[in-house]
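Written out below as structure tokens is the structure these notes cover.
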Protein chains: 2
Amino acid sequence: MQQIADAAGVSVTTVSHALSGKRPVNPDTAARIHRLIDQFQYVPDAGARRLQSGRSRTIGLAVPDISHWYFGRIARGVEEAANEADHGLVVASTANADPRRERRYFTMLSTRAIDGLIYASSRSTAEIDELARLARSAPLVLADEPIESIDVPSVSTTVYEGALEAVTLLKALGHERVVAVAGYQGLPSTLARTRALHEVFPGALTFYGDFEVESGYRILGDLLAADLRFTAVFAHNDNMAIGAMRRLQDAGLRVPEDVSIIGFDDTDAATMVTPALTTVRKDMVEVGRQSGRLLLDRLNGTPVAKQDSVLLPTELVVRGSTGPAPATPRPSSS
Amino acid sequence: MQQIADAAGVSVTTVSHALSGKRPVNPDTAARIHRLIDQFQYVPDAGARRLQSGRSRTIGLAVPDISHWYFGRIARGVEEAANEADHGLVVASTANADPRRERRYFTMLSTRAIDGLIYASSRSTAEIDELARLARSAPLVLADEPIESIDVPSVSTTVYEGALEAVTLLKALGHERVVAVAGYQGLPSTLARTRALHEVFPGALTFYGDFEVESGYRILGDLLAADLRFTAVFAHNDNMAIGAMRRLQDAGLRVPEDVSIIGFDDTDAATMVTPALTTVRKDMVEVGRQSGRLLLDRLNGTPVAKQDSVLLPTELVVRGSTGPAPATPRPSSS
DNA sequence: CTGTTAGCGCTTTCAC
DNA sequence: GTGAAAGCGCTAACAG
């Protein structure tokens, strides 16, 4: 900047103001300065700016695993929002329960490498205390899974309503015996889906998985081995639904003739499997985008509190994996 | 830091040195300082440090779309490497051909918000000139797709060898008529796979897609409509292989009895489809990890040049979508 | 409209 | 073994 100032025959102050427009500058001088800036390919130093202003124009995103479809979608939305506002985005994995890693985002906030954080949890809500503490000292937004007990704004989806639509469909198709392959126990969305399930099928059994394909496969294997009778499976996400479907097909059962399956998320894979999966769509990119906007609004001074939380709609997508309940439940001991 | 210095009754200089260890400090004083640091929860300001040292301890990753499985895997590997070296990672999307967006990583480098960049392209190599220019002014590593014409180190996989294994398998199964559903034309990896294909099946036809499921579906539709006869499809990635498989199945053809299909990547979806996809595995997380390490080595002074490029192995994974060639090519005009 | 001056929080000579 | 002081590149009073 000094270089530009010298070349233009003015002080750095004037260059700074010509750039920011925070005070009037002689049009001629301004033009000259801008020409020089282009010529020298000058770009103001981000670090110096940060040091001066206290803001890094960068936000953080903490996710368990950036390579998962689910968090990748969130990340994409956040990145779009950050980009719109001309902010950078740094991502940090919280997975592996490596303590140093777990605190990484905390450190980034303290060192002011980032101005605020979007936190997407998926596992337990064990980190509540830490998040509550964090929220006191820095702007924080929860993406996807809200936490009722602390005063932090969140962006989530109408999981309960979506699940209700899903199980209502099963009911309408005549299903009576449905089992749930659930997500992490204790997770708000798991609770919501279970609540919706029981609304329609009060006594329905629930088995907890970990959201991965394998767990759907394994749980269904156990159910078959135990000779449990059911005509429909309500999985808390598409991955587990797909695992469940594979296990049933491996056992010679037909989907949906013998057993109907319904998933959640509407991942890319939902249309790749045969039959295509009936599922509840959640727009995770939008969740990310709105989380980003919420955080950025807050950074720009707009006060944002818990009541500004956003709830995005879900949508039931009916495809081939659901059908009328068979007369006799097929997985039977007979 | 001033606060700590005051409380400890020393100067900031001593605190700084107690922290960095760059010059001896009285053990007692050092202990006292460290105690105070813990107590005040002091963390040095990243911006100030950067301004002084010129290094931001942050690297950048430019990908077309962070939400894609492929780039998500790379991102995860890079994040791991960055984390190991206690560096931050900022991601920027290059997609959408939005010019401002395209230059985002360039700006980040100029403003020194990041110390170096990992660039993962997937589309054309039109950005060569810009990358060459970039490489002159900042540490750059190419992930996945090397560019021969410029002197930039890269981390990629043995695509040619993998493809050769794949088509050799088809040959061994007795296939004679194989068609390729290829990736972006002009991409080095597309070229390599095509070269391998022609090594074994000199006259094999190639149709170009865009790496998405849809394009595999569409291309196979065209081939069926044109009454082309073939017994095997060599797709340049799993997505297109899955699209191709769906199209064949929709047409009533059986995989692999009528047509064998082979993909590339070994995505999660490869084992979700029926039959499971025979494919060539590439460890994209490792590609990301090694790219990150290469860049970080370079930032730490180890000179890294083109000849330090890394080539990671691929592995043929035989699953259910490939089988012996049928006596008569089924998609036929008869 | 423009320049001078004083820091932002840290590291690093140069002295003692 | 420790301090004082300069300065990284920028912005923001405070004066003209």
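Residue numbering restarts at 1 for every chain, and letters A, B, ... go by the order of the sequence lines.
The pair Arg76(A)-Asp65(B) counts as a salt bridge, with a side-chain nitrogen and a carboxylate oxygen less than 4.0 angstrom apart. Taking the charged nitrogens against the carboxylate oxygens, Arg104(A) and Asp86(B) do have a contact shorter than 4.0 Å, which makes a salt bridge. Ion pairing between a basic and an acidic side chain is recognised when a charged N comes within 4.0 Å of a carboxylate O; Arg50(B) and Asp45(A) show such pairing.
Atom CZ in Arg55(B) sits roughly 19 Å away from atom P in dC8(D) (whole-Å rounding). Rounded to a whole Å, the CD atom of Gln3(A) is 11 Å from the P atom of dG9(D). dT11(D) atom P lies 13 Å from atom CD of Gln2(A), rounded to whole Å. Rounded to a whole Å, the CE atom of Met1(A) is 17 Å from the C1' atom of dG7(D). Nucleotide dA4(D) holds its P atom 11 Å from the CG atom of Asp6(B), rounded to whole Å. Distance CG (Asp45(B)) to C1' (dC10(D)): 14 Å, rounded to an integer number of Å. Atom OH in Tyr42(A) sits roughly 7 Å away from atom C1' in dG9(D) (whole-Å rounding).
Between Lys22(B) and dT12(C) there is a side-chain N or O to OP1 or OP2 distance below 4.0 Å. Contact annotation: Ser11(B) does not reach the phosphate of dA4(D) (side-chain N/O to OP1 or OP2, under 4.0 Å).
With hydrogens and angles left out, the side chain of Thr29(B) and the base of dT2(D) share no donor-acceptor pair within 3.5 Å. Side-chain to base pairing of Ser16(A) with dA12(D): no donor and acceptor N or O lie closer than 3.5 Å to each other. No hydrogens or angles were tested; on distance alone, a donor-acceptor pair under 3.5 Å links the side chain of Gln52(A) to the base of dG7(C).
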* To do: Go through the steps to decide whether Arg73(B) and Asp283(B) satisfy the test salt bridge (Lys or Arg N to Asp or Glu O under 4.0 Å), and finish with yes or no.
  => CA-CA 8 Å; Arg73(B) 303 297 285 184; Asp283(B) 187 345; 5.5 Å; no
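Taking CG of Leu109(A) as the reference point, atom CD1 of Ile59(A) lies at 11.0 Å (rounded to 0.5 Å).
Contact annotation for Thr14(A): backbone-only contact, meaning every heavy-atom pair under 4.0 Å involves sugar-phosphate atoms and none involves a base. The residue Arg50(B) sits apart from the nucleic acid: no heavy atom pair falls under 4.0 Å. The residue Pro24(A) sits close to a base: some heavy atom pair falls under 4.0 Å.
You'll find that the side chain of Arg49(A) is closest to dT11(D), out of dA12(D), dT11(D), dG3(D). Side-chain atoms of Leu51(B) lie closest to dC8(D) of the nucleotides dC10(D), dC8(D), dC10(C). Closest to the side chain of Asn26(A), out of dT12(C), dC14(C), dT2(C), is dT2(C). Set against dC14(C), dC10(D), dT2(C), the side chain of Arg23(B) has dC14(C) as its closest nucleotide.
Each of Val10(B) and Ala48(B) was assigned the nucleotide of DNA chain D with the nearest heavy atom; the assignment lying further toward the 5' end belongs to Val10(B). Taking the nucleotide of DNA chain D with the nearest heavy atom to each of Gly9(B) and Val43(A), the more 5' of the two is matched to Gly9(B).
Applying the 6.0 Å contact sphere to CZ of Arg289(B) captures more than 12 heavy atoms from other residues, nucleotides or ligands.
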